[in-house]
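Protein chains get the first letters and strands the later ones, always in sequence-line order, with residue 1 at the start of each.
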There are 2 protein chains.
Amino acid sequence: MFEGSSLAKKYKLDQCECPTGKMTRFAEPCLLFFLSQQPSYGYELMDKLDQFDFQRAKPDPAMVYRTLRSLEKEKCVISQWDTKGAGPAKRNYELTPKGLALLHAWAQGIRSRKQALEKFLNLYKKQFKVKK
Amino acid sequence: MFEGSSLAKKYKLDQCECPTGKMTRFAEPCLLFFLSQQPSYGYELMDKLDQFDFQRAKPDPAMVYRTLRSLEKEKCVISQWDTKGAGPAKRNYELTPKGLALLHAWAQGIRSRKQALEKFLNLYKKQFKVKK
DNA sequence: ATCATCTATATGTATTTTACACATAGATGA
DNA sequence: TCATCTATGTGTAAAATACATATAGATGAT
């Protein structure tokens, strides 16, 4: 068993600096950021997400809409139907102060994540001497 | 329905540059890298992993051991028991040529991931003008 | 006017990944 | 011989992702 052993102390989770503990959810901070620029809605945000999306060709609509809903549940954004303008009604989202705070927290987490990747790439480069 | 619509073309997955399509499994490239330096075993690799681990205080043993086994299943590493030396037997892992190729593929993916994070941080900085 | 297409939101669900608890056991030292 | 350290694993729930599919209003062409 691990209890009381040094491994227990050594390999136990402690509090994570990132709000949720999951740095992999890159869509969330991006959506928060876009909404910090101006109110918007899912379909439009999908296109904006495109510029950050490095693992998929196009962002997944399911992820976008579900993330927005979950952010709203957490009171990080608020939405209302927008029937003005052309096309079908849009659910228009706005960032709340809580959402802005979450964005700032994400920025911190992303900074440290970037540093980790840089560290990896530096070691990698050092070992495999890429010559241009 | 999506079939035939522009959305179908627009938001469909296409082939991902990263081997598995999942850039989030940072433990895997790290383990591959360490093994490219020298053969090693799970317990030791956990400690090495520490320097990259940005989301948790300490790496999860389960993840390390399972990743190593899965890499072995894919013939990216090979292992054998090492009973020499002090303490309990270790399962010693070595990188295969296939594993080395996988490491190089990961490096590419990590580069592009880093760029995405940088892009995010640049936009963020621009908008929230952090003064030092 | 109706049909295809585009815009827009949303749900269902399987798979993958992560988190964390727990099990086992050899070696070492008090 | 008992606690502790090293070492390798399994079990399982929760979270996240991938992808398919459903619905429906608006728009433009024929």
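- To the nearest 0.5 Å, atom NZ of residue B:Lys125 and atom CD of residue B:Glu118 are 8.5 Å apart.
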Could you walk me through whether A:Leu71 and A:Leu102 pass the side chain to side chain contact (heavy atoms under 4.5 Å, CB included) test, one step at a time?
CA-CA 10 Å; A:Leu71 284 171; A:Leu102 182 57; 3.9 Å; yes
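- Distance check: B:Tyr41 OH to B:Gln80 CD gives 15.0 Å after rounding to the nearest 0.5 Å.
- Of the inter-residue distances, the one linking A:Tyr93 atom OH with A:Cys76 atom SG reads 12.5 Å to the nearest 0.5 angstrom.
- For A:Met46, the side-chain atoms get nearest to C:dT9 when compared with the rest of C:dA10, C:dT9, D:dT8.
- Contacts with DNA chain D (heavy atom under 4.0 Å) in residues 74-83 of chain A: none are found.
- At whole-Å resolution of the value, CD in A:Glu72 and C1' in C:dT9 are 13 Å apart.
- Taking a 6.0 Å sphere around NZ of A:Lys75, one finds it holds 12 or fewer heavy atoms contributed by other residues, nucleotides or ligands.
- Summarising the geometry of B:Leu103 relative to B:Pro29, their closest heavy-atom pair is CD1-O, 3.8 Å, with the distance given to 0.1 Å.
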Would you check, one step at a time, whether the test side chain to side chain contact (heavy atoms under 4.5 Å, CB included) holds for B:Phe26 with B:Arg113?
CA-CA 11 Å; B:Phe26 194 54; B:Arg113 187 175 182 84; over 6 Å; no
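- Annotation for B:Gln37: atom CD counts as buried by contact number, over 12 foreign heavy atoms lying within 6.0 Å.
- Atom CG of A:Leu45 is separated from atom OG of A:Ser40 by 3.5 Å, given to the nearest 0.5 angstrom.
- Atom CG in B:Asp82 sits 11.5 Å away from atom CZ in B:Arg91 (nearest 0.5 Å).
- Atom-to-atom, CE of B:Met63 to C1' of C:dT16 comes out at 13 Å; the value is rounded to the nearest Å.
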Which atoms of nucleotides 11-13 of chain C (N or O only) lie under 3.5 Å from a protein N or O atom, and what are those distances?
residue : atom : partner : partner atom : Å
C:dG12  : N7   : A:Arg66 : NH2          : 2.5
C:dG12  : O6   : A:Arg66 : NH1          : 3.0
C:dG12  : O6   : A:Arg66 : NH2          : 3.4
C:dT13  : O4   : A:Arg66 : NH1          : 3.4

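- The shortest distance between the side-chain N/O atoms of A:Tyr43 and the OP1/OP2 oxygens of C:dT7 is below 4.0 Å.
- What separates NZ of A:Lys84 from P of C:dT7 is a distance of 21 Å, to the nearest Å.
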When Watson-Crick pairs (N1 to N3 and N6-O4 or O6-N4) and G-U wobble pairs (N1-O2 and O6-N3) count only below 3.5 Å on both distances, what is the dot-bracket string of DNA chain C, with | for other-strand pairs?
||||||||||||||||||||||||||||||
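- Both A:Leu117 and B:Leu121 are part of a single hydrophobic cluster, where members link through side-chain heavy atoms under 4.5 Å apart.
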Please write out each protein N/O paired with an N/O of nucleotides 26-28 of chain C under 3.5 Å, distance rounded to 0.1 Å.
residue : atom : partner : partner atom : Å
C:dA27  : O3'  : B:Gly87 : N            : 3.4

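- Using cut-offs of 30° and 60° on the angle between ring planes, the pair B:Phe33 and A:Phe128 is perpendicular.
- A straight line from NZ of B:Lys90 to P of C:dT24 spans 22 Å, rounded to a whole angstrom.
- Among residues two or more places apart in sequence or in another chain, the salt bridge (Lys or Arg N to Asp or Glu O under 4.0 Å) test is passed with A:Lys48 by none.
- Here the C1' atom of nucleotide C:dT18 and the CG atom of B:Leu49 are 14 Å apart, to the nearest Å.
- Taking B:Ser70 as the reference, nothing meets the side chain to side chain donor-acceptor pair (under 3.5 Å) condition, with sequence neighbours excluded.
- Here the C1' atom of nucleotide D:dA16 and the CD atom of A:Glu28 are 12 Å apart, to the nearest Å.
- Rounded to an integer number of Å, the gap from CD of B:Glu44 to P of D:dT8 is 9 Å.
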